[in-house]
Amino acid sequence: MLRTVTTAAVGLGLLASGCAPDSEAPVKVSVLSLSDNSQYVPTQVELTTIEDIVGLKGTVGDLQGGARIVIDPNDPALQNATEDTVADVLLKKSGHDVKASYITQKDEKTGEDVLWPADFHSWNMVTSYYNLERANEYFRTVGNVKVASFEPAPTLYYFPEFIITEQSKEPARDNALFYPVLQSFLVLPFDKIQRAPLPLNAAVMAHEYSHLVFNRLAYNGQALPLALSVWGSQAPSQGANVLKAYDEGLADYHAYGATCRSARGCDPRFMAPSFDGGPYSGVTDARDLSRGDRCMNATLYARVQQQDLNSFTADGAEYQVGTLIATALYQAGRSTGQEAQLQRDIVSAYYDGESGKEGIYQATQRVLGDQTLFPLAIPARAIISHITDLELKKAVCNEFMDHVQIPRDHLIGDNLCPASAAGGTTCPNIHQ
């Protein structure tokens with residue numbers, strides 16, 4: 001996402017019934033959900049993981065308001081922080097439990113009580129929790145991620161003051177993000193994004209949730225991923241650049257995958273409800289996975305290899321490369337009709353110590369001392385080695401060779417691409 005937010009304000013008030021609602025799951029509640037005509041409308045759902053409907057706390061997340069998070073490279077405490085203490089340094093105010101307000105209404109068809117949020121922040125917060133729940137369900141069922149990988153449940157900081165002093169002394173806005181240092185999600189106040197605030201966009205939240213899954217598996221749950229820390233401090237930073245690009249590209253692909261489980265169906269332009277018609281309207285086209293004409297060019301390929309991490313990410317190159325990766329996977333999944341299987345195979349490639357099926361995490365640890373041995377081909381090889389269907393494997397190989405321009409000889413081998421894989425004809429070969 002766009003990276004980086006303001007003061008916390010949460011819904012307050014009394015229930016129409018005058019007493020706290022029953023928090024025992026499942027709880028019937030109304031949220032804002034995207035309808036068939038692309039409008040966000042009240043929709044009755046069941047929260048199946050909730051433990052406190054007022055404080056919006058459950059097994060998939062814990063909403064906290066009033067937090068203040070400051071990233072200041074000149075802070076002496078930060079310079080001396082360790083992985084165990086850095087969160088305490090950044091979190092200047094830890095915040096407090098939110099308090100959502102509801103009105104109890106009867107469902108006309110069933111006669112059962114349904115909780116309706118009583119103000120904007122309550123709608124925003126309960127929809128945020130529901131979207132976390134949907135993303136969690138996608139990764140548990142489609143991605144086959146074990147429940148233990150989601151523990152402990154992450155905090156979701158709602159409308160915190162999030163300040164990165166190198167960018168601005170003012171709190172950031174218009175973003176939703178997973179911040180691995182805190183192992184938490186941040187939902188920032190909105191300013192320019194008025195059409196559909198990001199936490200209401202289920203696919204955007206699935207994108208951010210994908211970052212949590214990637215962190216828990218491909219980085220083994222490290223708040224300060226070792227590979228990124230080591231490689232990102234060096235120049236050039238090929239390994240770090242590759243990891244950032246795959247993290248973003250796979251997050252987009254999984255966000256798309258999550259839309260396939262919605263009532264509206266698969267949506268490769270999932271950014272549109274939030275970004276179209278506003279100051280960031282170009283984001284939708286830039287990240288549209290259905291555009292089959294996207295190609296890696298020689299300049300971008302060289303940037304992956306030759307730039308330091310700060311330069312590579314300064315103008316969003318990780319998103320440009322990530323979109324090529326996501327597009328390649330989209331094309332392969334669609335052409336074979338095996339999208340759900342591919343989504344599962346991708347997640348299984350994040351962490352795997354089995355010989356001959358090295359996961360992304362294991363690959364980073366093996367070459368930690370020399371990041372030149374971690375080009376774009378290495379995560380691709382991890383994904384390919386976890387695909388068992390030959391037709392799907394060949395399709396992924398061809399698309400990686402074509403759109404991402406990974407050299408064919410980097411992908412051919414035992415348990416990798418079959419000899420018949422020769423790439424595609426969409427993109428010009430930049431290696432000739």
Side-chain angles (χ1 to χ4, degrees), residues 1 23-35 40 42-53 56-63 100 114-115 123-156 158 176-178 183-185 187 198-218 221 250-268 270 273 326 329 333 338-351:
M1 295 310 315
S23 285
E24 184 177 351
V27 176
K28 296 185 185 307
V29 65
S30 284
V31 300
L32 293 173
S33 182
L34 199 58
S35 68
Y40 280 88
T43 306
Q44 181 180 317
V45 301
E46 277 191 349
L47 297 181
T48 60
T49 65
I50 198 72
E51 296 171 349
D52 179 355
I53 191 64
L56 290 169
K57 185 191 308 285
T59 59
V60 302
D62 176 8
L63 269 68
V114 179
L115 300 178
W123 279 106
N124 207 24
M125 291 188 297
V126 74
T127 302
S128 297
Y129 185 91
Y130 175 62
N131 286 337
L132 283 184
E133 190 171 87
R134 291 174 64 186
N136 176 273
E137 191 264 348
Y138 164 81
F139 279 102
R140 282 189 298 103
T141 56
V142 176
N144 199 32
V145 179
K146 306 305 180 186
V147 172
S149 298
F150 300 114
E151 298 171 347
T155 298
L156 187 153
Y158 180 75
L177 61 149
F178 172 69
Q183 291 288 294
S184 300
F185 297 100
V187 169
L198 296 178
L200 302 185
N201 188 323
V204 167
M205 293 300 284
H207 172 104
E208 298 307 327
Y209 204 89
S210 178
H211 289 314
L212 176 140
V213 174
F214 193 85
N215 179 273
R216 296 283 173 91
L217 298 176
L250 297 178
D252 271 3
Y253 186 61
H254 285 304
Y256 160 75
T259 68
C260 295
R261 300 174 65 80
S262 70
R264 298 180 73 248
C266 300
D267 183 6
F270 61 84
L329 294 170
Q338 298 190 69
E339 291 181 296
Q341 184 59 51
L342 178 55
Q343 290 149 12
R344 175 171 294 199
D345 292 340
I346 289 168
V347 176
S348 68
Y350 289 174
Y351 186 103

(message) Under the rule for salt bridge (charged side-chain N to carboxylate O under 4.0 Å, His left out), what residues qualify as partners of R140, not counting sequence neighbours?
(response) none

(request) For D345, check side-chain hydrogen bond (donor to acceptor under 3.5 Å, both in side chains) against everything at least two apart and list the hits. (result) Q341

(message) Any non-hydrogen side-chain atom of M205 less than 4.5 Å from a side-chain atom of L200?
(response) no

(request) May I ask you to check whether F178 and H207 place their ring centres under 6.0 Å from each other? (result) no

(message) Determine whether a donor-acceptor pair (N or O, by modelled atom type, separation under 3.5 Å) exists between the side chain of R344 and the backbone of G143.
(response) no

(request) For the pair T127 (side chain) and W123 (backbone), establish whether a donor and an acceptor sit closer than 3.5 Å, ignoring hydrogens and angles. (result) yes

(message) Any non-hydrogen side-chain atom of L177 less than 4.5 Å from a side-chain atom of F185?
(response) no

(request) Identify the two heavy atoms, one from L329 and one from I346, that lie closest to each other, and give their separation to 0.1 Å. (result) CD1-CD1, 3.7 Å

(message) With a 4.5 Å cut-off on side-chain heavy atoms, are N124 and Y158 touching?
(response) yes

(message) Quick test of your reading of the model: are E51 and K57 salt-bridged, counting only N-O distances below 4.0 Å?
(response) no

(message) With salt bridge (Lys or Arg N to Asp or Glu O under 4.0 Å) as the rule and sequence neighbours excluded, what pairs involving residues 125-134 come up?
(response) none

(request) Would you check if the distance from the ring center of F214 to the ring center of Y350 is below 6.0 Å? (result) yes

(request) In sequence, state the C-alpha distance, the side-chain angles, and the governing distance for D252 and F270, and then conclude on side-chain contact (heavy atoms from CB on, under 4.5 Å). (result) CA-CA 9 Å; D252 271 3; F270 61 84; 3.6 Å; yes

(request) Taking the side chain as every heavy atom from C-beta outward, state whether L32 and T43 have any pair of such atoms under 4.5 Å apart. (result) no

(request) Would you confirm whether S149, through its side chain, and V145, through its main-chain N or O, come within 3.5 Å as a donor-acceptor pair? (result) no

(message) Is the shortest side-chain heavy-atom distance between F150 and T59 below 4.5 Å?
(response) no

